[in-house]
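From a predicted model like this one, the values you see are computed outputs, not experimental measurements.
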Amino acid sequence: MKFKLLVGFLLFIVIQSHAQQDELPFSTTDVEIGFCLKNNVPILAHVIEFDHPIIDFELHPQFDILSIQLREITNSGKYFKNKGMLVGFDLNKSEIVWTRKLKYQPYILNQRENQILWRKPGKTIFINPSTGIDQSNFNYNFYHFYHDNQAALSYAGTVKSSTLYSVDLKNGKPLWERKVKQDFGWNYLDQLNDSTILITSSGLHHVNINTGKGWEVNTKTGEKDYTGTIVANAAGVALGLLTGMFFVSTDHKTITGVVSNALQMEQSIYQANREFIAKYDELTGQELWKHEFPKNLCSKSSLFQIDSFLYMVNYGYAYHGQTPVFYGKPFIACFDASSGKTVFFKEVEAEKFAIRDFELKEDRLCLVTRNKLMEFNIQTGELIRSMNANLQPEEKIMGYLGAEVYTYMSDKSVQNSKQVNPTATFAYTNANNIHEFNLDNNTAIVNESTSFFIEKLRYQGLRFLSSTTKSLIIDADENIVAEIELSGKPILFKETLYYSKGTKFYTISLEDILSANK
């Protein structure tokens, strides 16, 4: 499975009703942050340094604006304070054009492309990215935007509401309403076609976004009155996995996320939940087959299909609030996609730790736990081989690395790691290390992450790579064009690179590098 880097914070705010040029201490300077090897020219960055750390920033290309979010910290530097600031940065003028003070709790700030939203239960305010001024106010929380952001799906009132509304964002009026339970939160939303979505929330809800019409199937995707002892034992375990949920219940006795993805294949939909796995007709929701599971077996899971076979990876964890907790049992299974007949079922020895991730390699299904790698025959489910990761104390595997990985060679060049070693497996750990594992012949080759670079961006034939110690820019032939400092979540816009690091915000023109690469 491709790893999707963990990004984003849930940040709680109260924002003033209008933007103003509040006092914002900052300094600017130009610094050398790299060197272009092709024309022997230093790479300069324009740096804005604030008094407080940058928590997040977002590009709003429609307005040529970046919104930068700051949060104050205590004198010791260990804790965040309950206040900060939102800053509007004009990309054309390369200057700050508006600021707004932030006060955290009990609101959530969401920065989306061309939208800034802040919301509390039952209320959402849209902020204009070009001015920082409130532009609209709704008595809804929005879960999904559509029709080019002219309409959105929402519940009104408390989190216990089961009435889903489509809201016209031009006037705030409901377009249609429908009952969609959210007892255990929204797990997934899938876009089936231009007019139809599929919501996983206490079941499956097939919804025409223009009319609200469609079928539904009620299933159990969570559990209330969950045993407190198990939660207490597992709550401190940081698996570091994304929830993938739009909303997560905060009830201390509730477990959520006991469900798989909704797999759409050949006009059918497959999904597993706490009690069974089933196949449904995509147009009518009619149940075509169902395979029931023993009690307390299933947890969060993933489905995928190869030819006429349906595969299930059951991870062995669910969610208590936003915290992963051990739940169910790790296993892999295969079913005949047409009939639902079991081809194989195999519990996975995960040493009391859940399956962290999986990936497919030809005829093998590869799994990782926090300290072990395993390979199973995709046709029979039999274990082919396994090995301990032999990591440093307290270091744990978090998942497979699906991004492009490059190896730094002895001649100071880089090469795609799959070309260097086609049988290698790459995984990342909680120590921000990347390791190469080779299970062939029951042996392993483990290299430290300083040898590897991850592709972060592509732009006009160039690839931007980063390791734990430095960053490189390479061309299409994998020649190193430049060495450069790169950090965090870089954004490219109109031949300019933007990124933040601590209290500093970097703006870098790529004009010289692009010219040298032509």
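Counting only residues at least two apart or on different chains, the side chain to side chain donor-acceptor pair (under 3.5 Å) pairs with a member in residues 257-266 are Gln264-Glu282. Residue pairs satisfying the ring-ring contact (aromatic ring centres under 6.0 Å, His included) criterion with at least one member in residues 194-213, sequence neighbours excluded, are listed as follows: His206-Trp215.
Looking at residues two or more places apart in sequence or on another chain, you find a ring-ring contact (aromatic ring centres under 6.0 Å, His included) between Phe145 and Phe142. Listed by chain and number, the residues in a ring-ring contact (aromatic ring centres under 6.0 Å, His included) with Tyr406 amount to none (sequence neighbours excluded). Every residue was checked against the ring-ring contact (aromatic ring centres under 6.0 Å, His included) condition with Phe376, not counting sequence neighbours, and none meets it. Not counting sequence neighbours, the partners of Phe304 by the ring-ring contact (aromatic ring centres under 6.0 Å, His included) test are Tyr311, Phe358.
Side chains of Ile473 and Leu465 form no contact here, defined as non-hydrogen atoms less than 4.5 Å apart. Residues Arg385 and Arg364 are in side-chain contact: their nearest non-hydrogen atoms beyond the backbone lie under 4.5 Å apart. Contact check for Val313 versus Leu367: side-chain heavy atoms found under the 4.5 Å cut-off. Residues Asn141 and Tyr155 fail the side-chain proximity criterion, which asks for heavy atoms closer than 4.5 Å.
Few gaps surround CG on Asn218; more than 12 heavy atoms of other groups in view lie less than 6.0 Å from it. Enclosure of atom NZ in Lys346 by more than 12 non-hydrogen atoms of other residues, nucleotides or ligands within 6.0 angstrom is indicated. The local environment of CD in Gln267 is sparse, with at most 12 non-hydrogen atoms from other residues, nucleotides or ligands closer than 6.0 Å. In the displayed structure, Lys213 atom NZ is contacted under 6.0 Å by at most 12 heavy atoms of other residues, nucleotides or ligands.
Counted by atom type alone, Glu404 and Asn416 present one or more donor-acceptor pairs between their side chains at under 3.5 Å. In this structure, a donor-acceptor pair under 3.5 Å is absent between the side chains of Tyr188 and Gln271. In this structure, a donor-acceptor pair under 3.5 Å is absent between the side chains of Lys456 and Ser471. A donor-acceptor contact under 3.5 angstrom links the side chains of Thr163 and Lys179, judged on distance only.
Here CZ of Arg356 is found 8.5 Å from CG of Asn371. Values are rounded to the nearest 0.5 Å. The CD1 atom of Ile384 sits 8.0 Å away from the SG atom of Cys366 when rounded to the nearest 0.5 Å. In this structure, CG in Leu492 is found 5.0 Å from CG in Leu497, a value given to the nearest 0.5 Å. The line from CD of Glu58 to CG of Leu86 is 11.5 Å long, rounded to the nearest 0.5 Å. We find the OG-CG distance between Ser299 and Asn273 to be 12.0 Å, quoted to the nearest 0.5 Å. Interatomic distance, CD of Gln379 versus SG of Cys334, reported as 9.5 Å (0.5 Å rounding).
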For the pair Phe345 and Leu297, evaluate side-chain contact (heavy atoms from CB on, under 4.5 Å) and give the outcome as yes or no after the intermediate values.
CA-CA 12 Å; Phe345 174 90; Leu297 177 67; 3.9 Å; yes
Begin with the C-alpha distance, continue with both residues' side-chain angles, and end with the deciding distance and a verdict on side-chain contact (heavy atoms from CB on, under 4.5 Å) for Ile355 and Val368.
CA-CA 6 Å; Ile355 296 170; Val368 288; over 6 Å; no
Please determine whether side-chain contact (heavy atoms from CB on, under 4.5 Å) holds for the pair Met312 and Cys298, giving the CA-CA distance in whole Å, both sets of side-chain angles, and the decisive distance to 0.1 Å.
CA-CA 11 Å; Met312 178 177 178; Cys298 291; 4.2 Å; yes
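Minimum interatomic distance between Leu310 and Trp289 (heavy atoms only, all atoms of both residues): CD2-CH2, 3.9 Å. Of all heavy-atom pairs between Ile269 and Ala262, the closest is CG2-CB, 4.2 Å. Considering every non-hydrogen atom in both Ile209 and His147, the closest pair reads CD1-CE1, 4.0 Å. In plain terms, the two heavy atoms of Leu383 and Met374 that are nearest each other are CD1-CB, 4.1 Å. Heavy atoms only, all atoms of each residue included: Tyr165 and Pro174 are closest at CD2-CB, 3.9 Å. Across all their heavy atoms, Ile116 and Pro129 have their closest contact at CD1-CA, 4.0 Å.
Remark: aromatic rings of Tyr498 and Phe493 are distant, center separation not under 6.0 Å. Ring centers of Phe89 and Phe505: under 6.0 Å apart, within the cut-off. In this structure, Phe138 has its ring center no closer than 6.0 Å to that of Tyr140.
A donor-acceptor contact shorter than 3.5 Å is absent between the side chain of Lys329 and the backbone of Asn314. Here the side chain of Asp148 pairs no donor or acceptor atom with the backbone of Gln150 at under 3.5 angstrom. Under a 3.5 Å cut-off, the side chain of Arg463 and the backbone N or O of Arg458 do not form any donor-acceptor pair. Looking at Ser201, its side chain does come within 3.5 Å of a backbone N or O of Lys181 through a donor-acceptor pair. Not one N or O on the side chain of Thr200 forms a donor-acceptor pair closer than 3.5 Å with the backbone of Asn187.
Aromatic ring orientation, Tyr146 versus His144: parallel (interplanar angle below 30°, classes split at 30° and 60°).
Of the listed residues (Leu192, Ile197, Asn193), just one forms a side-chain contact (heavy atoms from CB on, under 4.5 Å) with Ser195, and that residue is Asn193. Considering Tyr400, Phe437, Phe452, Phe453 as possible partners of Phe426, the one that fulfils the ring pair (Phe, Tyr, Trp, His ring centres under 6.0 Å) test is Phe452. Put simply, the residue from His435, Glu436, Glu375, Lys361 that forms a side chain to side chain donor-acceptor pair (under 3.5 Å) with Thr425 is Lys361.
Both tests do not hold together for Lys300 against Tyr327: distance to the six-membered ring centre under 6.0 Å, angle to the ring axis within 45°.
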